[in-house]
There are 2 protein chains.
Amino acid sequence: MIQKILIAEDYETVNLSIQKTLEELHIPNPDYVYYCDDALLRIEKALQANASYDLLITDLHFEEDHRQQKISSGEALIAAARNIQPDLKILVFSATGKPSTIEALFQKEDIDGYVYKGRNDARELKLALEQIAANRRYFPQQFVQQQKQKNTYELDAFDITILTLMANGKRQHEISAYLKKNNIKPSGLSSIEKRLNTIKDALDCSTNEQLIAHCVKMRII
Amino acid sequence: MIQKILIAEDYETVNLSIQKTLEELHIPNPDYVYYCDDALLRIEKALQANASYDLLITDLHFEEDHRQQKISSGEALIAAARNIQPDLKILVFSATGKPSTIEALFQKEDIDGYVYKGRNDARELKLALEQIAANRRYFPQQFVQQQKQKNTYELDAFDITILTLMANGKRQHEISAYLKKNNIKPSGLSSIEKRLNTIKDALDCSTNEQLIAHCVKMRII
DNA sequence: CTGTTTTTTACGGAAAACCGTAAAGTGACG
DNA sequence: CGTCACTTTACGGTTTTCCGTAAAAAACAG
């Protein structure tokens, strides 16, 4: 459940409208700041007080002014926040955002949602919040299609078998034995290792744990 | 025997695919609507005409649009339908749904089945329909596991941190370094190992991979 | 402060996973 | 049949994880 929310947005009107949207969703009293540094400070303090935030809603672009800031962009804020609180959910609410930027945010920083500022952004914001509350990600509409196409490293039945067994607690040599028993063609330990490496490479995962996490998230297994 | 079915689902494509699945099961001509209010209306009329529905298949989440609706969610529709026709069988077909939500639906509203939208949802839909036709309930796979393992070992923030980092591809010594850097108290490699063992033991997992799979499935991380 | 209990850390050997390389097997083709 | 290209397997060394034990640190009681 999402209850404790921090809004980082330098435009006051936008900041207020986000608060209003949250109000409609019966999420009362969000904290809000107008500077990235303040945001990070809040997150740190909340963490130390054992009352950490559930969600950070942030813009990407912040106007510079008289107050000198260590953190000057949403990207940097996100990285810093992730660093001190990995389980923090992050929703980016921005007008800018090239596809490559957005993609990087999802993949590298593992953000939970991205909403374009625009015509129906309040409605999208609500949707995104609901999705995030259900532990799902919210991709901007335009992105969904591309994302789908991009994820096209098609895992075949063999891959699925390995991954499923692995997710069920089987060790690699056990998987090898299983494959032999069922006369599935490549059954050597080396083949399993090689295949796993290929998959990890294709899906940009560094450990088995990360790979399994990804596959379960994506409902591949 | 299930013959007269009503589908409430706002996404046209999904609605059609449900109809197609029913067709394969030789259940012809289901009624379908795109709004909750329409669904309730149909149920009422059918009841008065002495030709009540056997089964309602409904989503939980309905997109808002220009048409103002009295009933805006699947939950509300289910409650209203139960109210006017207590013997109506109900199958929820949804992508959302925290375990707690699903549990509440089964216990409070006495729904007959729940199917996650996802990769193999058509196949699951068939299974669910068969079960329901035999007057049995159909629980989603994840739910069964969770039910089984309600050993209620409460994972604390520390556990979540470790698991999250691990699911993000960090190795254990990296996690240790991370904890040290952020002054999180137990940071030794041994402590991480020990904690992981405790969690695996509590959740009945034999490998890290299985543990991560479980946690992602259960939306713990 | 002293002694006791609990938690955390350090360390070392065993198991598993990782990674490169070479050998054995397989299939297509002339 | 022999060659070539490719896949699969076997094997050894390295890294990472696993697991037990013991020292060190912290928390606690008297």
Side-chain angles (χ1 to χ4, degrees), chain A residues 47-50 84 86 153-216 220-221, chain B residues 149 151 153-216 220-221:
Chain A
L47 206 55
Q48 286 165 5
N50 219 19
I84 63 170
Y153 173 74
E154 262 313 307
L155 301 170
D156 60 21
F158 184 68
D159 299 324
I160 305 290
T161 303
I162 293 178
L163 291 170
T164 305
L165 289 170
M166 179 168 277
N168 283 358
K170 295 281 181 293
R171 300 197 178 281
Q172 293 178 18
H173 66 86
E174 290 177 306
I175 297 176
S176 174
Y178 170 89
L179 294 175
K180 277 192 179 70
K181 207 180 67 181
N182 291 77
N183 294 325
I184 299 176
K185 277 237 307 225
S187 67
L189 195 54
S190 295
S191 294
I192 295 174
E193 292 171 349
K194 189 181 176 185
R195 187 63 74 106
L196 281 173
N197 277 334
T198 306
I199 304 173
K200 275 188 280 190
D201 201 49
L203 298 180
D204 202 31
C205 295
S206 62
T207 65
N208 284 343
E209 288 88 345
Q210 188 180 16
L211 174 62
I212 294 294
H214 176 266
C215 289
V216 175
I220 294 171
I221 54 178
Chain B
Q149 295 179 349
N151 293 337
Y153 174 74
E154 264 309 308
L155 300 171
D156 60 19
F158 184 67
D159 298 324
I160 304 290
T161 302
I162 293 178
L163 291 170
T164 305
L165 289 168
M166 179 167 278
N168 283 358
K170 296 280 181 295
R171 301 198 178 278
Q172 292 177 19
H173 67 85
E174 291 176 308
I175 297 176
S176 173
Y178 167 88
L179 294 175
K180 277 193 180 69
K181 207 180 67 180
N182 291 80
N183 295 325
I184 298 176
K185 277 233 310 226
S187 68
L189 194 55
S190 295
S191 294
I192 295 173
E193 293 170 350
K194 189 182 176 185
R195 186 63 73 107
L196 280 173
N197 277 334
T198 306
I199 303 173
K200 275 188 281 191
D201 199 51
L203 266 41
D204 200 32
C205 294
S206 61
T207 64
N208 285 343
E209 288 88 345
Q210 188 180 17
L211 174 62
I212 294 295
H214 176 266
C215 289
V216 174
I220 294 171
I221 53 178

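Keep in mind that this is a model prediction, so the values were computed, not measured.
- Between S187(A) and R171(A), the residue whose closest nucleotide on DNA chain D is further toward the 5' end is S187(A).
- The separation between N183(B) atom CG and dT8(C) atom P is 15 Å, rounded to whole Å.
- Across the protein-nucleic acid pair, K170(B) atom NZ and dT15(D) atom P stand 21 Å apart, rounded to whole Å.
- Atom CD1 of I175(A) and atom C1' of dA16(C) are 12 Å apart (whole Å).
- The residue Q172(B) sits close only to the backbone: its heavy atoms come under 4.0 Å of sugar-phosphate atoms, none of a base.
- In terms of position on DNA chain C, the residue among P186(B) and T207(B) whose nearest nucleotide sits closer to the 5' end is P186(B).
- K194(B) places its NZ atom 18 Å from the P atom of dC11(C), with the value rounded to the nearest Å.
- Other residues, nucleotides and ligands contribute more than 12 heavy atoms inside 6.0 Å of the CG atom of N182(A).
- Heavy-atom neighbours of D204(A) CG from other residues, nucleotides or ligands within 6.0 Å: at or below the threshold of 12.
- One atom, CE of M166(A), and another, P of dC18(C), lie 7 Å apart when rounded to the nearest Å.
- OP1 and OP2 of dT17(D) both lie 4.0 Å or more from every side-chain N or O belonging to N208(B).
- For the pair H173(A) NE2 and dT9(D) C1', the interatomic distance rounds to 18 Å; values are reported in whole Å.
- One can place CD of E193(A) at 15 Å from P of dT16(D), the figure rounded to the nearest angstrom.
- Taking all atoms of both residues into account, the shortest heavy-atom contact from R171(B) to T207(A) is NH1-CG2, 3.8 Å.
- Within the structure, a side-chain polar atom (N or O) of S191(B) is placed less than 4.0 Å from OP1 or OP2 of dT9(C).
- In this structure, K200(B) reaches the sugar-phosphate backbone alone: every heavy-atom distance under 4.0 Å involves primed, P, OP1 or OP2 atoms, never a base.
- The CD1 atom of I192(B) sits 10 Å away from the P atom of dT17(D) (whole-angstrom rounding).
- Between L163(B) and C215(B) the shortest heavy-atom distance is CD1-SG, 3.7 Å.
- Contact between G169(B) and S206(A) at its shortest, heavy atoms only, is O-OG, 3.0 Å.
- Where K185(B) and L189(B) each meet DNA chain D at their nearest nucleotide, the meeting point lying more 5' is that of L189(B).
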